[in-house]
Amino acid sequence: MKIAVSTLAFIGIPIQDVVELATNNSFQIEFSSGLPYMENMEAIYLSSGIERLPHNYFPAPKEPFVLNLASTDREIREKSIEHCKRGLELAAASRSPFFAAHAGFCIDPKPEELGRKLKQDREFNRSTNKEIFIESIRKVLDYSNILNMPFLIENNVVAAMNLREDGRNPLLCADPDEILETVNIIKDENFGILLDTAHLKVSAGTLSFDADEAVLRLKAVIRGLHHSDNEGVLDTNDRLTNQYWFLKHMRFFREAQHVLEIKRLNIDEILEHFDLLKNAAGVN
């Protein structure tokens with residue numbers, strides 16, 4: 001069973017040292033969105049001999065922006081599409097299982113707002129953003145199919161603080177209904193879902209759906225999983241314990257790509273997490 005470690009686990013450690021650590025311990029690494037801009041970041045990724053996969057906003061561009069495939073702003077949308085195409089190229093070059101990006105937003109937050117309360121001072125038409133999102137996914141998939149590299153969408157996290165005053169949700173693909181609707185509209189063998197279990201836990205509480213039931217409904221379209229935990233209010237990337245709510249579902253996902261997306265883990269803690277997930281899946 002493939003379990004990668006997100007670079008989030010190595011916050012504050014230079015990326016070259018992370019690569020060395022991964023090499024010495026035979027870790028698969030997900031180069032993730034939190035890595036800062038470096039002029040030679042792509043070269044570091046491509047030249048490292050470790051098993052690896054690029055994710056979402058990696059590599060960070062010199063001029064920051066929020067990747068948003070559902071944006072009504074043409075410039076943001078086109079930059080997002082091109083970024084995903086480059087992500088697919090990096091995934092293909094490193095023989096990764098897929099490239100995944102976050103689902104779109106009906107608003108255009110600033111980079112500094114992510115993970116916090118989003119500023120929502122403009123009106124939006126959710127149907128319009130969903131149509132743009134579908135169109136953008138199809139453009140990315142045109143390139144995905146040329147490279148024969150799967151493109152996945154990660155479910156958004158909706159904290160209560162980011163619902164609008166009228167109760168509307170500005171983030172797409174946070175609930176199982178909209179995720180399945182999107183997959184069914186796209187209908188492409190190279191398209192699927194990267195399920196972030198922590199995102200689902202928070203969104204389930206905010207949007208009043210059952211997270212366990214959602215997993216069962218979505219399991220046929222899930223190709224990868226991000227694992228971390230929280231208290232159900234905010235996405236805090238906490239460690240997993242024997243009480244981790246998703247353990248009961250692990251047996252369904254032995255063939256999927258798994259990623260530990262947990263802040264600040266040492267080597268022993270990483271190995272303990274590997275054992276926890278593998279034991280739950282019934283894999284030695």
### Query
Can you check salt bridge (Lys or Arg N to Asp or Glu O under 4.0 Å) on R217 and D177, steps first, answer last?
CA-CA 9 Å; R217 291 180 61 197; D177 289 336; 2.8 Å; yes
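- Put simply, the side chain of N155 never gets that close to the backbone of A174: no donor and acceptor are under 3.5 Å apart.
- Among all heavy-atom pairs drawn from P54 and S96, the shortest one is CD-OG, 3.6 Å.
- Side-chain contact between H258 and M1 is present, with heavy atoms from C-beta onward closer than 4.5 Å.
- Shortest non-hydrogen contact noted between R138 and I186 is CG-CD1, 4.0 Å.
- Criterion: ILVMFWY side-chain heavy atoms under 4.5 Å apart, direct or through other members. Under it, F274 and L53 are not part of a common hydrophobic cluster.
- Ion pairing between R126 and E178 holds under the 4.0 Å rule for side-chain N and carboxylate O.
- Applying the ring-ring contact (aromatic ring centres under 6.0 Å, His included) test between Y57 and each of F31, F65, Y37, F99 identifies F65 as the sole match.
- By the criterion of side-chain heavy atoms lying less than 4.5 angstrom apart, applied directly or through intervening Ile, Leu, Val, Met, Phe, Trp or Tyr residues, F253 is grouped together with V283 in one hydrophobic cluster.
- Side-chain atoms of V157 and L234, non-hydrogen and from C-beta on, never get closer than 4.5 Å to each other.
- Of the charged side-chain nitrogens involved, none lies within less than 4.0 Å of a carboxylate oxygen, so that R95 and E51 do not count as a salt-bridged pair.
- A distance-only check finds a donor-acceptor pair linking the side chain of H273 to the backbone of L240 [under 3.5 Å].
- L260 CG to S228 OG: the interatomic distance, rounded to the nearest 0.5 Å, is 9.5 Å.
- Nearest heavy atom pair, residue A101 against residue L67, reads CB-CD2, 4.3 Å.
- In summary, the side chains of E89 and Y143 do present a donor paired with an acceptor at a separation below 3.5 Å, with no hydrogens or angles considered.
- Between Y244 and H227, the side chains place a donor N or O and an acceptor N or O closer than 3.5 Å (distance only, hydrogens not considered).
- When side chains are defined from C-beta on, N162 does not count as touching F105, because their heavy atoms never get closer than 4.5 Å.
- Under a 3.5 Å cut-off, the side chain of H83 and the backbone N or O of K79 do not form any donor-acceptor pair.
- Judged by the 6.0 Å distance and 45° axis criteria, R223 is not positioned over the aromatic ring of F98.
- Under the 4.5 Å side-chain criterion, counting only non-hydrogen atoms from C-beta, Q257 is not in contact with L225.
- Atom CG of L171 is separated from atom CD1 of I107 by 6.5 Å, given to the nearest 0.5 angstrom.
- I193 and L152 fall into different hydrophobic clusters, where Ile, Leu, Val, Met, Phe, Trp and Tyr residues are linked whenever their side-chain heavy atoms come under 4.5 Å apart, directly or through other members.
- Annotation: side chain of S94 is not in contact with side chain of L46 (no heavy-atom distance under 4.5 Å).
- A distance of 12.0 Å separates CD1 in I137 from CD1 in I132, rounded to the nearest 0.5 Å.
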### Message
If you apply the rule side-chain contact (heavy atoms from CB on, under 4.5 Å), what do you find for K130 with E181, and how did you get there?
### Response
CA-CA 10 Å; K130 287 171 69 172; E181 178 188 26; 3.0 Å; yes
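- Although no hydrogens or angles enter the test, the distance criterion places a donor-acceptor pair under 3.5 Å between the side chain of N56 and the main chain of H102.
- Heavy-atom minimum distance, C173 versus F133: SG-CE2, 3.8 Å.
- Between atom NZ of residue K187 and atom CG of residue L141 there is a gap of 14.5 Å, rounded to the nearest 0.5 Å.
- Counting all heavy atoms, side chain and backbone alike, S48 lies closest to V19 at CB-CG1, 3.6 Å.
- With rounding to the nearest 0.5 angstrom, the CD1 atom of I146 is 10.5 Å from the CG atom of L88.
- For the residue pair D108/S71, the side-chain donor-acceptor check at 3.5 Å is satisfied.
- Under the 3.5 Å distance criterion, the side-chain polar atoms of R239 are matched with a main-chain donor or acceptor of R264.
- A donor-acceptor pair is defined here as one N or O able to donate and one able to accept, closer than 3.5 Å; such a pair exists between the side chain of N266 and the backbone of E269.
- Under 4.0 Å is where a charged nitrogen must lie from a carboxylate oxygen, and between E255 and K2 no such pair does.
- A continuous path of Ile, Leu, Val, Met, Phe, Trp and Tyr side chains, each step under 4.5 Å between heavy atoms, connects V183 with M149, placing both in one hydrophobic cluster.
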### Worked check of side-chain contact (heavy atoms from CB on, under 4.5 Å) between W245 and L200
CA-CA 11 Å; W245 75 275; L200 195 71; 3.8 Å; yes
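- Considering every non-hydrogen atom in both A159 and V202, the closest pair reads CA-CG1, 4.0 Å.
- With hydrogens and angles ignored, the 3.5 Å screen pairs a side-chain donor or acceptor of S203 with a backbone N or O of V158.
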### Query
Could you go step by step and tell me if L194 and H55 meet the side-chain contact (heavy atoms from CB on, under 4.5 Å) rule?
CA-CA 11 Å; L194 171 65; H55 177 62; 3.6 Å; yes
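- R52 places none of its side-chain heavy atoms less than 4.5 Å from the side chain of Q28.
- S136 contributes a side-chain N or O that, together with a main-chain N or O of L69, makes up a donor-acceptor pair within less than 3.5 Å.
- Hydrophobic clustering keeps V5 apart from I11 (ILVMFWY residues linked when any side-chain heavy atoms are closer than 4.5 Å, directly or through intermediates).
- A 6.0 Å sphere centred on NZ of K248 holds more than 12 heavy atoms belonging to other residues, nucleotides or ligands.
- E82 has its side chain out of reach of R77: every pair of non-hydrogen atoms, C-beta onward, lies at least 4.5 Å apart.
- I262 CD1 to D229 CG: the interatomic distance, rounded to the nearest 0.5 Å, is 8.5 Å.
- Residues H199 and N156 bring no donor and acceptor atom of their side chains to less than 3.5 Å of each other.
- The aromatic rings of F246 and H249 sit tilted relative to each other, their planes meeting at an angle between 30° and 60°.
- Note that R168 lies in the cation-pi zone of F124, set by a 6.0 Å cut-off to the ring centre and a 45° limit from the axis.
- A donor-acceptor pair under 3.5 Å is formed between the side chain of N230 and the backbone N or O of A198.
- Side-chain contact check for L277 versus L247: some heavy-atom pair is nearer than 4.5 Å.
- Remark: the backbone N or O of L21 is paired with a side-chain donor or acceptor of N25 at under 3.5 angstrom.
- The pair E135-K139 meets the salt-bridge criterion, since a charged nitrogen lies less than 4.0 angstrom from a carboxylate oxygen.
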### Task
List the steps and the verdict of side-chain contact (heavy atoms from CB on, under 4.5 Å) for V259 and I3.
CA-CA 5 Å; V259 180; I3 309 177; over 6 Å; no
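- Checked by atom type, the side-chain pair N145/N190 shows a donor-acceptor distance below 3.5 Å.
- If you run side chain to side chain contact (heavy atoms under 4.5 Å, CB included) between F191 and each of V221, I153, V140, only I153 comes through.
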